[in-house]
Amino acid sequence: MLKIAIQKSGRLSEDSLKLLKDCGIDLRNVKDRLRTESDNFPVEVFFLRDDDIPQYVEDGVADIGFVGENVVYEKKKAVQVREKLGFGKCRLSIAVKKSDDYSAVSFLQGKKIATSYPVLVQDYLDKKGISAEIHEISGSVEIAPGIGLADAVCDLVSSGSTLFMNGLKEVENILQSQAVLITGKHLDKEKEQILERLLFRMQAVKKAKNNKYVLLNAPNDQLQKIIALLPGMKSPTVLPLAEPGWSSVHSVIEENDFWNIIEQLKDNGAQGILVVPIEKMIV
Ligand code: ATP
Ligand code: ZN
């Protein structure tokens, strides 16, 4: 049995549960948010505060955890990042008042910075050779400058609207973060095997999200050009259409160059292009 720690309630909770579900793992009584098991995969799930997850994983109370990189690097526990999970994306940034005349990081010299991430902020300041006073607070960091508690803040940002609404502007980015899968120092053989099965499934889910299945009709005289645009997993499938002179082409393309390829397909005479999501992709 592999013990997994995930956030009990917060920004990572739903995506963590969805990832397990997408991996085909059914969980009982998820609503209780205490501890649960699966009937179809050897895992047990613990619901915890995100800040506590690295410690539980270090201690072996949980074997693995899903948690933000920001928390992993702040806590500095003996854990390893095994996989990036692709959700919970945000950045840890320093912000100052909009009216401040900020031109370089030297602005922060001797200033007071409010943050929930004292370790990461101190590391950053040391690297830049700046000495500033760090004021650790656990929530609502963004209001600190407005109430005279600090000159600057260092907080998690995704859209930047919270900073903006509090009269702040983002001036330095100190970390790009997303949710990751962490493991303790040592997993026994049985647990390691379960983890590898889980990672295999996660990679199939992730790959499927980044790829689309494409079906199109191509005039036979353009077929070679169209096939050249579609590398697919091995090579595209080509089937004759009932109408002479036409073929149906099936392939897989990556989300990244998706529109580019579609435009070129059209320019080369492809018609009736269908793009379909892929649920799982095992290569
Ligand atoms: P807990 O009660 O578990 O301690 P919390 O209030 O510390 O919850 P959340 O606000 O739910 O935590 O954030 C959890 C994680 O989500 C963060 O540590 C970070 O990795 C990620 N995250 C993604 N976007 C943002 C954002 N805009 N602001 C804050 N966290 C974000
Ligand atoms: Zn937290």
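Order of listing sets the numbers, starting from 1, for every ligand and every atom in it.
Cation-pi contact between Lys77 and Tyr56: absent, since separation from the ring centre below 6.0 Å together with deviation from the ring axis within 45° is not met.
By the 4.0 Å heavy-atom criterion, Lys8 is excluded from the residues contacting ligand 1.
Between the Asp63 side chain and the Lys3 main chain, a donor and an acceptor come within less than 3.5 Å of each other. With hydrogens and angles ignored, the 3.5 Å screen pairs a side-chain donor or acceptor of Lys191 with a backbone N or O of Met1. Remark: side-chain polar atoms of Gln80 are not paired, donor with acceptor, to backbone N or O of Thr183 under 3.5 angstrom. For Asn173 (side chain) and Leu92 (main-chain N/O), a donor-acceptor pair under 3.5 Å exists by modelled atom type. A donor-acceptor pair is defined here as one N or O able to donate and one able to accept, closer than 3.5 Å; no such pair exists between the side chain of Ser158 and the backbone of Cys90.
Residue, atom and distance of the protein heavy atom nearest to atom 18 (O) of ligand 1 are Asn70 ND2, 2.9 Å. Here the heavy atom of the protein found nearest to atom 30 (N) of ligand 1 is Leu156 CD1, 3.2 Å. Protein heavy atom at the shortest distance from atom 2 (O) of ligand 1 is Arg49 NE, 3.5 Å.
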Which donor-acceptor pairs under 3.5 Å do side chains of residues 197-208 form with protein atoms, sequence neighbours excluded?
unit_1, atom_1, unit_2, atom_2, d
Arg201, NH1, Cys23, O, 2.9
Gln203, NE2, Glu83, OE1, 3.3
Lys206, NZ, Glu83, OE2, 3.2
Lys206, NZ, Lys84, O, 3.0

N/O donor to acceptor pairs below 3.5 angstrom from side-chain atoms of residues 267-283, sequence neighbours left out:
unit_1, atom_1, unit_2, atom_2, d
Asn268, ND2, Gln264, O, 2.8
Lys280, NZ, Asp22, O, 3.1

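Between the choices Cys90, Gly160, Ser116, the shortest heavy-atom distance to atom 24 (N) of ligand 1 belongs to Cys90. Remark: among candidates Ser159, Ser158, Gly10, the nearest residue to atom 27 (N) of ligand 1 is Ser158, based on non-hydrogen atoms. Nearest-residue assignment for atom 3 (O) of ligand 1 (options Arg11, Gln7, Arg91, Lys89; heavy-atom criterion): Gln7.
When heavy-atom distances to ligand 1 are checked against a 4.0 Å cut-off, Asp50 comes that close through both its backbone and its side chain.
Evaluation of the side chain to side chain contact (heavy atoms under 4.5 Å, CB included) rule for Asn70 yields Tyr117, Leu156, Leu175, Ser177 as partners, not counting sequence neighbours.
Within a 4.0 Å radius of atom 6 (O) of ligand 1, the protein has no heavy atom.
Contact annotation: the side chain of Pro145 never approaches that of Val96 to less than 4.5 Å [non-hydrogen atoms, C-beta and beyond].
In the vicinity of Leu12, heavy-atom distances shorter than 4.0 Å reach the ligand 1 atoms 15 (C), 16 (O). Close approach of ligand 1 to Gly68 is summarised as follows: ligand atoms under 4.0 Å from at least one heavy atom of the residue are 20 (O).
For Ser177, no nitrogen or oxygen atom sits less than 3.5 Å from a nitrogen or oxygen atom of ligand 1, counting backbone and side chain alike.
The Zn ion (ligand 2) has Asp50 OD1, Asp51 OD1 as protein N, O or S atoms under 2.8 Å away.
Closest approach of Ser13 to Arg33, counting heavy atoms only: CB-NH1, 3.9 Å.
A salt bridge is absent between Asp100 and Lys111: the closest approach of a Lys/Arg side-chain nitrogen to an acidic carboxylate oxygen does not fall below 4.0 angstrom.
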